[in-house]
Participant: 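One structure, as C-alpha coordinates, below. Some questions next.
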2 protein chains.
Amino acid sequence: MARPRTFDEERALDAAVWAFWVKGYEATSTQDLCSATGLGRSSIYNTFSSKHELFTRALARYMDVMTAGQVAVLEQAERPVMERLRALFDVVIDGEFERRVEGRSVGCLTVNTTVEIAGRDPEVAALLARDLERRLASFRGVIEAGQRAGEISTARDADSLARFINAVIGGMRVSAQGGADRAVLESVADTALVALSC
Amino acid sequence: MARPRTFDEERALDAAVWAFWVKGYEATSTQDLCSATGLGRSSIYNTFSSKHELFTRALARYMDVMTAGQVAVLEQAERPVMERLRALFDVVIDGEFERRVEGRSVGCLTVNTTVEIAGRDPEVAALLARDLERRLASFRGVIEAGQRAGEISTARDADSLARFINAVIGGMRVSAQGGADRAVLESVADTALVALSC
DNA sequence: CGGGTTTTAGATAGATCAGTACAAAACTTG
DNA sequence: CAAGTTTTGTACTGATCTATCTAAAACCCG
(Lines give C-alpha, C1' and ligand atoms only; values in the text may rest on other atoms or scores of the structure.)
Protein backbone atom coordinates (compact mmCIF):
# COMPACT_ATOMS: atom_id res chain seq x y z
CA MET A 1 0.00 0.00 0.00
CA ALA A 2 0.96 3.62 0.08
CA ARG A 3 0.50 6.99 1.63
CA PRO A 4 -3.08 7.45 2.83
CA ARG A 5 -5.17 10.58 2.40
CA THR A 6 -5.13 13.08 5.18
CA PHE A 7 -8.61 14.35 4.39
CA ASP A 8 -12.11 12.94 4.30
CA GLU A 9 -13.57 12.87 0.82
CA GLU A 10 -17.14 13.47 1.98
CA ARG A 11 -16.13 16.44 4.09
CA ALA A 12 -14.30 17.90 1.12
CA LEU A 13 -17.39 17.33 -0.98
CA ASP A 14 -19.54 19.10 1.59
CA ALA A 15 -17.21 22.07 1.51
CA ALA A 16 -17.39 22.11 -2.29
CA VAL A 17 -21.19 21.95 -2.12
CA TRP A 18 -21.21 25.03 0.04
CA ALA A 19 -18.78 26.89 -2.21
CA PHE A 20 -20.85 26.20 -5.33
CA TRP A 21 -24.05 26.90 -3.43
CA VAL A 22 -22.93 30.36 -2.38
CA LYS A 23 -21.22 31.57 -5.56
CA GLY A 24 -22.56 29.37 -8.34
CA TYR A 25 -20.56 27.22 -10.74
CA GLU A 26 -18.94 29.83 -12.97
CA ALA A 27 -17.93 32.27 -10.25
CA THR A 28 -16.35 29.58 -8.09
CA SER A 29 -12.71 29.19 -9.11
CA THR A 30 -10.58 26.13 -8.49
CA GLN A 31 -8.66 28.34 -6.06
CA ASP A 32 -11.94 29.00 -4.20
CA LEU A 33 -12.45 25.25 -4.04
CA CYS A 34 -8.97 24.76 -2.59
CA SER A 35 -9.66 27.37 0.07
CA ALA A 36 -13.11 26.00 0.84
CA THR A 37 -11.98 22.40 1.18
CA GLY A 38 -8.60 23.15 2.69
CA LEU A 39 -7.01 20.92 0.05
CA GLY A 40 -4.20 21.65 -2.37
CA ARG A 41 -4.73 21.65 -6.12
CA SER A 42 -3.09 18.25 -6.44
CA SER A 43 -5.42 16.64 -3.96
CA ILE A 44 -8.47 18.16 -5.65
CA TYR A 45 -7.47 17.05 -9.13
CA ASN A 46 -6.18 13.71 -7.92
CA THR A 47 -9.49 12.99 -6.24
CA PHE A 48 -12.08 14.68 -8.46
CA SER A 49 -10.39 14.96 -11.89
CA SER A 50 -11.84 18.33 -12.86
CA LYS A 51 -13.89 21.24 -11.67
CA HIS A 52 -16.83 19.95 -13.65
CA GLU A 53 -16.67 16.48 -12.14
CA LEU A 54 -16.27 17.90 -8.66
CA PHE A 55 -19.36 19.97 -9.34
CA THR A 56 -21.45 17.04 -10.53
CA ARG A 57 -20.40 15.01 -7.49
CA ALA A 58 -21.19 17.92 -5.20
CA LEU A 59 -24.56 18.42 -6.84
CA ALA A 60 -25.39 14.72 -6.62
CA ARG A 61 -24.51 14.71 -2.94
CA TYR A 62 -26.57 17.81 -2.29
CA MET A 63 -29.59 16.33 -4.05
CA ASP A 64 -29.26 13.01 -2.23
CA VAL A 65 -29.21 14.65 1.16
CA MET A 66 -31.85 17.29 0.50
CA THR A 67 -34.32 15.09 -1.31
CA ALA A 68 -33.94 12.33 1.26
CA GLY A 69 -34.77 14.85 3.97
CA GLN A 70 -37.87 16.05 2.18
CA VAL A 71 -39.04 12.54 1.36
CA ALA A 72 -38.60 11.51 4.99
CA VAL A 73 -40.86 14.33 6.11
CA LEU A 74 -43.53 13.29 3.62
CA GLU A 75 -43.43 9.60 4.54
CA GLN A 76 -44.66 10.01 8.11
CA ALA A 77 -47.73 7.91 7.37
CA GLU A 78 -49.23 8.46 10.81
CA ARG A 79 -49.70 12.21 10.28
CA PRO A 80 -52.45 13.75 8.16
CA VAL A 81 -51.29 14.61 4.66
CA MET A 82 -51.88 18.33 4.98
CA GLU A 83 -49.77 18.32 8.12
CA ARG A 84 -46.98 16.54 6.27
CA LEU A 85 -47.09 19.03 3.44
CA ARG A 86 -46.98 21.88 5.90
CA ALA A 87 -43.96 20.22 7.52
CA LEU A 88 -42.34 20.05 4.08
CA PHE A 89 -42.82 23.77 3.57
CA ASP A 90 -41.48 24.40 7.05
CA VAL A 91 -38.33 22.46 6.22
CA VAL A 92 -37.91 24.56 3.09
CA ILE A 93 -38.48 27.84 4.90
CA ASP A 94 -36.22 26.93 7.80
CA GLY A 95 -33.52 26.03 5.31
CA GLU A 96 -33.79 29.38 3.60
CA PHE A 97 -33.24 31.17 6.89
CA GLU A 98 -30.54 28.88 8.20
CA ARG A 99 -28.34 29.11 5.12
CA ARG A 100 -27.55 32.76 4.59
CA VAL A 101 -24.54 34.81 3.57
CA GLU A 102 -24.39 38.51 4.21
CA GLY A 103 -28.04 38.64 5.21
CA ARG A 104 -29.33 36.87 2.12
CA SER A 105 -30.46 33.33 1.53
CA VAL A 106 -28.23 31.23 -0.72
CA GLY A 107 -31.37 29.54 -2.00
CA CYS A 108 -31.29 25.95 -3.17
CA LEU A 109 -28.42 24.45 -5.15
CA THR A 110 -30.86 22.53 -7.32
CA VAL A 111 -32.77 25.64 -8.31
CA ASN A 112 -29.58 27.67 -8.67
CA THR A 113 -28.08 25.03 -10.95
CA THR A 114 -31.24 24.67 -13.02
CA VAL A 115 -31.15 28.40 -13.63
CA GLU A 116 -27.41 28.81 -14.11
CA ILE A 117 -26.33 25.82 -16.18
CA ALA A 118 -29.02 23.22 -16.93
CA GLY A 119 -29.66 24.87 -20.30
CA ARG A 120 -26.15 24.35 -21.60
CA ASP A 121 -24.95 21.23 -19.82
CA PRO A 122 -26.88 18.07 -20.66
CA GLU A 123 -25.07 15.97 -18.07
CA VAL A 124 -26.07 18.35 -15.29
CA ALA A 125 -29.57 18.62 -16.74
CA ALA A 126 -29.90 14.84 -16.57
CA LEU A 127 -28.84 14.78 -12.92
CA LEU A 128 -31.38 17.48 -12.12
CA ALA A 129 -34.11 15.66 -14.04
CA ARG A 130 -33.50 12.49 -12.09
CA ASP A 131 -33.73 14.30 -8.79
CA LEU A 132 -36.85 16.13 -9.92
CA GLU A 133 -38.53 12.84 -10.74
CA ARG A 134 -37.65 11.48 -7.35
CA ARG A 135 -39.16 14.48 -5.62
CA LEU A 136 -42.25 14.50 -7.82
CA ALA A 137 -42.82 10.81 -7.13
CA SER A 138 -42.74 11.51 -3.43
CA PHE A 139 -45.06 14.50 -3.78
CA ARG A 140 -47.47 12.46 -5.90
CA GLY A 141 -47.45 9.73 -3.29
CA VAL A 142 -48.61 11.93 -0.43
CA ILE A 143 -51.06 13.77 -2.59
CA GLU A 144 -52.70 10.53 -3.69
CA ALA A 145 -52.91 9.49 -0.05
CA GLY A 146 -54.45 12.84 0.75
CA GLN A 147 -56.97 12.46 -2.02
CA ARG A 148 -57.97 9.01 -0.78
CA ALA A 149 -58.33 10.39 2.72
CA GLY A 150 -60.47 13.26 1.45
CA GLU A 151 -57.96 15.87 2.61
CA ILE A 152 -57.02 16.97 -0.89
CA SER A 153 -59.28 17.91 -3.77
CA THR A 154 -59.66 15.37 -6.55
CA ALA A 155 -60.51 18.12 -9.04
CA ARG A 156 -56.92 17.91 -10.21
CA ASP A 157 -54.78 14.81 -10.65
CA ALA A 158 -51.96 14.08 -8.23
CA ASP A 159 -49.23 14.68 -10.78
CA SER A 160 -50.42 18.20 -11.52
CA LEU A 161 -50.63 19.02 -7.85
CA ALA A 162 -47.18 17.55 -7.28
CA ARG A 163 -45.78 19.83 -9.96
CA PHE A 164 -47.64 22.74 -8.42
CA ILE A 165 -46.02 22.08 -5.06
CA ASN A 166 -42.66 21.81 -6.74
CA ALA A 167 -43.11 25.09 -8.58
CA VAL A 168 -44.24 26.90 -5.44
CA ILE A 169 -41.21 25.67 -3.53
CA GLY A 170 -38.96 26.86 -6.34
CA GLY A 171 -40.70 30.23 -6.32
CA MET A 172 -40.29 30.52 -2.57
CA ARG A 173 -36.56 29.88 -2.92
CA VAL A 174 -36.20 32.55 -5.56
CA SER A 175 -38.25 34.92 -3.40
CA ALA A 176 -35.98 34.22 -0.45
CA GLN A 177 -32.92 35.00 -2.56
CA GLY A 178 -34.67 38.18 -3.59
CA GLY A 179 -34.97 39.23 0.04
CA ALA A 180 -38.40 37.97 1.13
CA ASP A 181 -38.76 37.62 4.89
CA ARG A 182 -40.10 34.67 6.82
CA ALA A 183 -43.67 35.95 7.06
CA VAL A 184 -43.86 36.27 3.30
CA LEU A 185 -42.66 32.72 2.71
CA GLU A 186 -45.05 31.34 5.31
CA SER A 187 -47.92 33.16 3.72
CA VAL A 188 -47.01 31.82 0.28
CA ALA A 189 -46.89 28.30 1.72
CA ASP A 190 -50.27 28.75 3.41
CA THR A 191 -51.86 29.96 0.22
CA ALA A 192 -50.44 27.04 -1.74
CA LEU A 193 -51.80 24.59 0.80
CA VAL A 194 -55.25 26.15 0.57
CA ALA A 195 -55.16 25.57 -3.18
CA LEU A 196 -54.77 21.83 -2.62
CA SER A 197 -58.05 21.48 -0.80
CA CYS A 198 -60.18 23.20 -3.40
CA MET B 1 -18.90 67.99 -33.86
CA ALA B 2 -17.33 64.68 -34.61
CA ARG B 3 -17.69 61.20 -35.97
CA PRO B 4 -21.12 59.76 -35.25
CA ARG B 5 -21.86 56.25 -34.07
CA THR B 6 -22.59 53.67 -36.70
CA PHE B 7 -24.75 51.58 -34.36
CA ASP B 8 -27.93 52.05 -32.38
CA GLU B 9 -27.34 51.95 -28.65
CA GLU B 10 -30.71 50.39 -27.85
CA ARG B 11 -30.28 47.65 -30.40
CA ALA B 12 -26.86 46.89 -28.92
CA LEU B 13 -28.45 46.80 -25.49
CA ASP B 14 -31.11 44.37 -26.70
CA ALA B 15 -28.42 42.09 -28.08
CA ALA B 16 -26.59 42.26 -24.75
CA VAL B 17 -29.82 41.46 -22.90
CA TRP B 18 -30.20 38.33 -24.96
CA ALA B 19 -26.58 37.28 -24.46
CA PHE B 20 -26.82 37.65 -20.67
CA TRP B 21 -30.26 36.03 -20.68
CA VAL B 22 -29.03 32.90 -22.42
CA LYS B 23 -25.68 32.38 -20.67
CA GLY B 24 -25.87 34.37 -17.46
CA TYR B 25 -23.51 37.09 -16.28
CA GLU B 26 -20.38 35.14 -15.44
CA ALA B 27 -20.37 32.84 -18.45
CA THR B 28 -20.86 35.70 -20.91
CA SER B 29 -17.45 37.06 -21.89
CA THR B 30 -16.81 40.51 -23.31
CA GLN B 31 -15.95 38.69 -26.53
CA ASP B 32 -19.43 37.11 -26.48
CA LEU B 33 -20.85 40.59 -26.06
CA CYS B 34 -18.89 41.86 -29.05
CA SER B 35 -20.17 39.00 -31.18
CA ALA B 36 -23.75 39.39 -29.95
CA THR B 37 -23.88 43.13 -30.52
CA GLY B 38 -21.69 43.18 -33.63
CA LEU B 39 -19.59 45.91 -32.00
CA GLY B 40 -15.85 46.06 -31.46
CA ARG B 41 -14.37 46.14 -27.98
CA SER B 42 -13.65 49.84 -28.27
CA SER B 43 -17.25 50.67 -29.05
CA ILE B 44 -18.51 48.56 -26.18
CA TYR B 45 -16.16 50.08 -23.64
CA ASN B 46 -16.55 53.56 -25.07
CA THR B 47 -20.32 53.32 -24.74
CA PHE B 48 -20.87 51.20 -21.65
CA SER B 49 -17.64 51.58 -19.63
CA SER B 50 -17.47 48.01 -18.33
CA LYS B 51 -19.06 44.61 -18.52
CA HIS B 52 -20.75 45.25 -15.21
CA GLU B 53 -22.26 48.54 -16.30
CA LEU B 54 -23.40 47.04 -19.59
CA PHE B 55 -25.06 44.31 -17.57
CA THR B 56 -26.87 46.69 -15.24
CA ARG B 57 -28.10 48.71 -18.22
CA ALA B 58 -29.22 45.55 -20.00
CA LEU B 59 -30.99 44.33 -16.88
CA ALA B 60 -32.70 47.67 -16.36
CA ARG B 61 -33.90 47.66 -19.94
CA TYR B 62 -35.17 44.11 -19.66
CA MET B 63 -37.07 44.90 -16.48
CA ASP B 64 -38.58 48.05 -17.95
CA VAL B 65 -39.91 46.24 -20.99
CA MET B 66 -41.07 43.08 -19.25
CA THR B 67 -42.68 44.71 -16.26
CA ALA B 68 -44.40 47.30 -18.44
CA GLY B 69 -45.86 44.47 -20.51
CA GLN B 70 -47.16 42.66 -17.45
CA VAL B 71 -48.56 45.81 -15.89
CA ALA B 72 -50.35 46.66 -19.14
CA VAL B 73 -52.08 43.28 -19.12
CA LEU B 74 -53.22 43.79 -15.54
CA GLU B 75 -54.55 47.30 -16.11
CA GLN B 76 -57.30 46.36 -18.54
CA ALA B 77 -59.97 47.67 -16.18
CA GLU B 78 -62.85 46.52 -18.35
CA ARG B 79 -62.01 42.83 -17.92
CA PRO B 80 -62.75 40.78 -14.80
CA VAL B 81 -59.78 40.51 -12.49
CA MET B 82 -59.48 36.74 -12.73
CA GLU B 83 -59.39 37.05 -16.50
CA ARG B 84 -56.60 39.59 -16.24
CA LEU B 85 -54.60 37.36 -13.95
CA ARG B 86 -55.07 34.46 -16.32
CA ALA B 87 -53.86 36.70 -19.14
CA LEU B 88 -50.79 37.53 -17.05
CA PHE B 89 -50.00 33.85 -16.62
CA ASP B 90 -50.55 33.34 -20.34
CA VAL B 91 -48.03 36.06 -21.13
CA VAL B 92 -45.54 34.36 -18.83
CA ILE B 93 -46.14 30.91 -20.30
CA ASP B 94 -46.03 32.14 -23.89
CA GLY B 95 -42.74 33.88 -23.12
CA GLU B 96 -41.24 30.69 -21.75
CA PHE B 97 -42.05 28.87 -24.98
CA GLU B 98 -41.09 31.65 -27.32
CA ARG B 99 -37.65 32.21 -25.85
CA ARG B 100 -35.82 28.92 -26.10
CA VAL B 101 -32.33 27.78 -26.95
CA GLU B 102 -31.61 24.19 -27.82
CA GLY B 103 -35.07 23.09 -26.80
CA ARG B 104 -34.97 24.69 -23.36
CA SER B 105 -36.45 27.87 -22.01
CA VAL B 106 -34.00 30.60 -21.11
CA GLY B 107 -36.30 31.55 -18.25
CA CYS B 108 -36.53 35.11 -17.05
CA LEU B 109 -33.52 37.41 -16.75
CA THR B 110 -34.88 38.83 -13.49
CA VAL B 111 -35.14 35.41 -11.88
CA ASN B 112 -31.84 34.27 -13.39
CA THR B 113 -30.09 37.35 -12.04
CA THR B 114 -31.68 37.05 -8.60
CA VAL B 115 -30.35 33.52 -8.40
CA GLU B 116 -26.95 34.10 -9.97
CA ILE B 117 -25.74 37.39 -8.55
CA ALA B 118 -28.17 39.28 -6.33
CA GLY B 119 -26.55 37.79 -3.25
CA ARG B 120 -23.11 39.23 -3.93
CA ASP B 121 -23.85 42.42 -5.85
CA PRO B 122 -25.79 45.04 -3.88
CA GLU B 123 -26.17 47.34 -6.88
CA VAL B 124 -27.85 44.61 -8.90
CA ALA B 125 -29.87 43.58 -5.86
CA ALA B 126 -31.18 47.14 -5.57
CA LEU B 127 -32.23 47.21 -9.21
CA LEU B 128 -34.04 43.91 -8.77
CA ALA B 129 -35.72 45.11 -5.59
CA ARG B 130 -37.04 48.20 -7.34
CA ASP B 131 -38.50 46.14 -10.15
CA LEU B 132 -39.99 43.67 -7.71
CA GLU B 133 -41.75 46.49 -5.88
CA ARG B 134 -43.16 47.78 -9.13
CA ARG B 135 -44.55 44.39 -10.04
CA LEU B 136 -45.91 43.75 -6.56
CA ALA B 137 -47.66 47.13 -6.57
CA SER B 138 -49.35 46.20 -9.83
CA PHE B 139 -50.32 42.76 -8.54
CA ARG B 140 -51.69 44.28 -5.33
CA GLY B 141 -53.73 46.74 -7.38
CA VAL B 142 -55.61 44.12 -9.36
CA ILE B 143 -56.03 41.87 -6.37
CA GLU B 144 -57.60 44.67 -4.35
CA ALA B 145 -59.92 45.36 -7.26
CA GLY B 146 -60.76 41.67 -7.38
CA GLN B 147 -61.48 41.62 -3.69
CA ARG B 148 -63.81 44.63 -3.97
CA ALA B 149 -65.57 42.92 -6.88
CA GLY B 150 -65.93 39.71 -4.88
CA GLU B 151 -63.83 37.74 -7.35
CA ILE B 152 -60.97 37.16 -4.96
CA SER B 153 -61.09 35.89 -1.41
CA THR B 154 -60.58 38.44 1.37
CA ALA B 155 -59.30 35.78 3.72
CA ARG B 156 -55.80 36.96 2.84
CA ASP B 157 -54.61 40.52 2.34
CA ALA B 158 -53.75 41.75 -1.13
CA ASP B 159 -50.04 42.05 -0.42
CA SER B 160 -49.76 38.40 0.58
CA LEU B 161 -51.62 37.27 -2.51
CA ALA B 162 -49.46 39.53 -4.68
CA ARG B 163 -46.37 37.87 -3.29
CA PHE B 164 -47.95 34.48 -3.84
CA ILE B 165 -48.55 35.30 -7.50
CA ASN B 166 -44.99 36.51 -7.80
CA ALA B 167 -43.59 33.36 -6.23
CA VAL B 168 -45.68 31.11 -8.44
CA ILE B 169 -44.51 32.92 -11.56
CA GLY B 170 -40.91 32.54 -10.43
CA GLY B 171 -41.50 28.86 -9.78
CA MET B 172 -43.05 28.40 -13.20
CA ARG B 173 -40.00 29.97 -14.81
CA VAL B 174 -37.65 27.67 -12.94
CA SER B 175 -39.86 24.72 -13.87
CA ALA B 176 -39.70 25.75 -17.53
CA GLN B 177 -35.92 25.92 -17.36
CA GLY B 178 -36.02 22.48 -15.80
CA GLY B 179 -37.89 21.13 -18.80
CA ALA B 180 -41.57 21.41 -17.88
CA ASP B 181 -43.91 21.39 -20.85
CA ARG B 182 -46.75 23.78 -21.59
CA ALA B 183 -49.47 21.62 -20.03
CA VAL B 184 -47.58 21.55 -16.74
CA LEU B 185 -47.19 25.31 -16.62
CA GLU B 186 -50.82 25.86 -17.49
CA SER B 187 -51.90 23.50 -14.77
CA VAL B 188 -49.68 25.27 -12.23
CA ALA B 189 -51.22 28.58 -13.25
CA ASP B 190 -54.75 27.19 -12.98
CA THR B 191 -54.08 25.84 -9.52
CA ALA B 192 -52.63 29.14 -8.38
CA LEU B 193 -55.68 31.00 -9.66
CA VAL B 194 -57.98 28.65 -7.79
CA ALA B 195 -56.12 29.49 -4.59
CA LEU B 196 -57.00 33.16 -5.00
CA SER B 197 -60.72 32.55 -4.81
CA CYS B 198 -60.69 30.53 -1.61
C1' DC C 1 -11.43 71.60 -47.53
C1' DG C 2 -9.15 71.52 -43.09
C1' DG C 3 -9.23 71.78 -37.71
C1' DG C 4 -11.28 69.51 -34.00
C1' DT C 5 -13.51 65.65 -32.09
C1' DT C 6 -15.20 61.09 -31.63
C1' DT C 7 -15.49 56.40 -33.06
C1' DT C 8 -13.39 52.39 -34.41
C1' DA C 9 -10.07 48.46 -35.20
C1' DG C 10 -6.49 45.89 -33.60
C1' DA C 11 -2.72 45.10 -30.69
C1' DT C 12 -1.53 44.69 -26.15
C1' DA C 13 -1.40 44.36 -20.94
C1' DG C 14 -1.69 42.11 -16.77
C1' DA C 15 -4.48 39.19 -14.05
C1' DT C 16 -6.68 35.00 -13.49
C1' DC C 17 -8.46 30.78 -15.27
C1' DA C 18 -8.42 25.37 -15.32
C1' DG C 19 -5.33 21.96 -15.35
C1' DT C 20 -0.46 19.57 -15.26
C1' DA C 21 4.38 18.33 -14.10
C1' DC C 22 7.56 17.07 -10.85
C1' DA C 23 9.77 16.02 -6.85
C1' DA C 24 9.59 15.58 -1.98
C1' DA C 25 7.02 13.69 1.76
C1' DA C 26 4.43 10.06 3.99
C1' DC C 27 2.80 5.88 4.63
C1' DT C 28 2.19 0.37 4.16
C1' DT C 29 3.97 -3.88 3.65
C1' DG C 30 7.44 -7.32 3.26
C1' DC D 1 14.28 -0.49 7.73
C1' DA D 2 13.87 -0.44 2.81
C1' DA D 3 11.13 -0.93 -1.50
C1' DG D 4 7.13 0.52 -3.58
C1' DT D 5 3.18 3.44 -4.04
C1' DT D 6 0.25 7.31 -3.35
C1' DT D 7 -0.47 11.93 -1.70
C1' DT D 8 0.83 16.48 -1.42
C1' DG D 9 2.97 21.23 -2.14
C1' DT D 10 4.69 24.20 -5.46
C1' DA D 11 5.89 25.85 -9.70
C1' DC D 12 4.38 26.15 -14.07
C1' DT D 13 1.62 26.14 -18.74
C1' DG D 14 -1.13 27.97 -22.11
C1' DA D 15 -5.51 29.80 -22.66
C1' DT D 16 -8.75 33.23 -21.67
C1' DC D 17 -10.42 36.99 -18.98
C1' DT D 18 -11.53 42.22 -18.57
C1' DA D 19 -9.84 46.34 -19.79
C1' DT D 20 -6.69 49.79 -22.01
C1' DC D 21 -3.67 51.95 -25.43
C1' DT D 22 -2.62 53.76 -29.86
C1' DA D 23 -3.45 55.40 -34.07
C1' DA D 24 -6.09 55.55 -38.14
C1' DA D 25 -10.61 56.42 -39.96
C1' DA D 26 -14.83 59.10 -40.17
C1' DC D 27 -17.45 62.79 -39.57
C1' DC D 28 -19.26 67.91 -38.55
C1' DC D 29 -18.72 72.62 -38.93
C1' DG D 30 -16.61 76.85 -40.02
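Chain naming here is simple, since letters A, B, ... match the order of the sequence lines and numbering starts at 1 in each.
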Participant: What are the 5'-most and 3'-most nucleotides of DNA chain D lying under 4.0 Å from any heavy atom of chain B?
Facilitator: D:dC17 to D:dC29
Participant: Donor-acceptor check, side chain of A:E116 to backbone of A:E26, threshold 3.5 angstrom: yes or no?
Facilitator: yes
Participant: Rounded to the nearest Å, what distance is computed from the OH atom of residue A:Y25 to the C1' atom of nucleotide C:dA18?
Facilitator: 9 Å
Participant: Starting at OH of B:Y45 and ending at P of C:dA9, how long is that distance when rounded to a whole Å?
Facilitator: 16 Å
Participant: What contact category does A:S29 fall into here, base, sugar-phosphate, or nothing, at under 4.0 angstrom with non-hydrogen atoms?
Facilitator: sugar-phosphate
Participant: So what does A:S49 touch, heavy atoms closer than 4.0 Å: a base, only the sugar-phosphate, or nothing?
Facilitator: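 Nothing: the residue A:S49, judged by heavy atoms under 4.0 Å, touches no strand.
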Participant: OP1 or OP2 of C:dT7 sitting under 4.0 Å from any side-chain N/O of B:S42?
Facilitator: no
Participant: Which whole-number value in Å describes the distance from A:R41 CZ to C:dA18 C1'?
Facilitator: 7 Å
Participant: Is it true that a side-chain atom of B:T47 and a backbone atom of B:I44 form a donor plus acceptor pair closer than 3.5 Å?
Facilitator: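 Here the side-chain-to-backbone pair does not exist.
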Participant: Roughly, in whole Å, what's the span from CD in A:Q31 to P in C:dA18?
Facilitator: 9 Å
Participant: Round to the nearest Å and state the distance from A:L33 atom CG to C:dT16 atom C1'.
Facilitator: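 Distance, rounded to whole Å: 15 Å.
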Participant: For the pair B:R140 and B:D157, find out whether any cationic side-chain nitrogen is under 4.0 Å from an anionic carboxylate oxygen.
Facilitator: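 Judged by the 4.0 Å cut-off on N to carboxylate O distance, B:R140 and B:D157 do not form a salt bridge.
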Participant: Taking for each residue the nucleotide of DNA chain D with the nearest heavy atom, is it A:G40 or A:A2 whose nucleotide lies nearer the 5' end?
Facilitator: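 The answer here is A:A2.
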Participant: Do B:D121 and B:T113 have side chains that get closer than 4.5 Å, going by heavy atoms?
Facilitator: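 B:D121 does not reach B:T113 side chain to side chain.
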Participant: Nearest-Å distance, CG (A:N46) to P (C:dA26)?
Facilitator: 17 Å
Participant: Under 4.0 Å, heavy atoms only, any strand: does B:T6 hit a base, just the sugar-phosphate, or nothing?
Facilitator: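 Contact class for B:T6: sugar-phosphate only.
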Participant: Can a donor-acceptor pair be found, under 3.5 Å and without considering hydrogens, that links the side chain of B:S187 to the backbone of B:A183?
Facilitator: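 Not a single qualifying donor-acceptor pair exists.
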Participant: Remember a base hit wins even if backbone is also touched, and classify B:T30 as base, sugar-phosphate or nothing at under 4.0 Å, heavy atoms.
Facilitator: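 Base: the residue B:T30, judged by heavy atoms under 4.0 Å, touches a nucleobase.
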Participant: Tell me whether the guanidinium CZ or amine NZ of B:K51 lies under 6.0 angstrom from the six-membered ring centre of B:Y25 and within 45° of its axis.
Facilitator: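 The answer is yes, since B:K51 meets both limits relative to B:Y25.
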Participant: Any base atoms under 4.0 Å from B:F7, or only sugar-phosphate, or nothing? Heavy atoms, all strands.
Facilitator: sugar-phosphate
Participant: Looking at A:R84 and A:E151, does any basic side-chain N land under 4.0 Å from a carboxylate oxygen?
Facilitator: no
Participant: Check every strand shown and say whether A:T47 touches a base, only sugar-phosphate, or nothing at a heavy-atom separation below 4.0 Å.
Facilitator: nothing
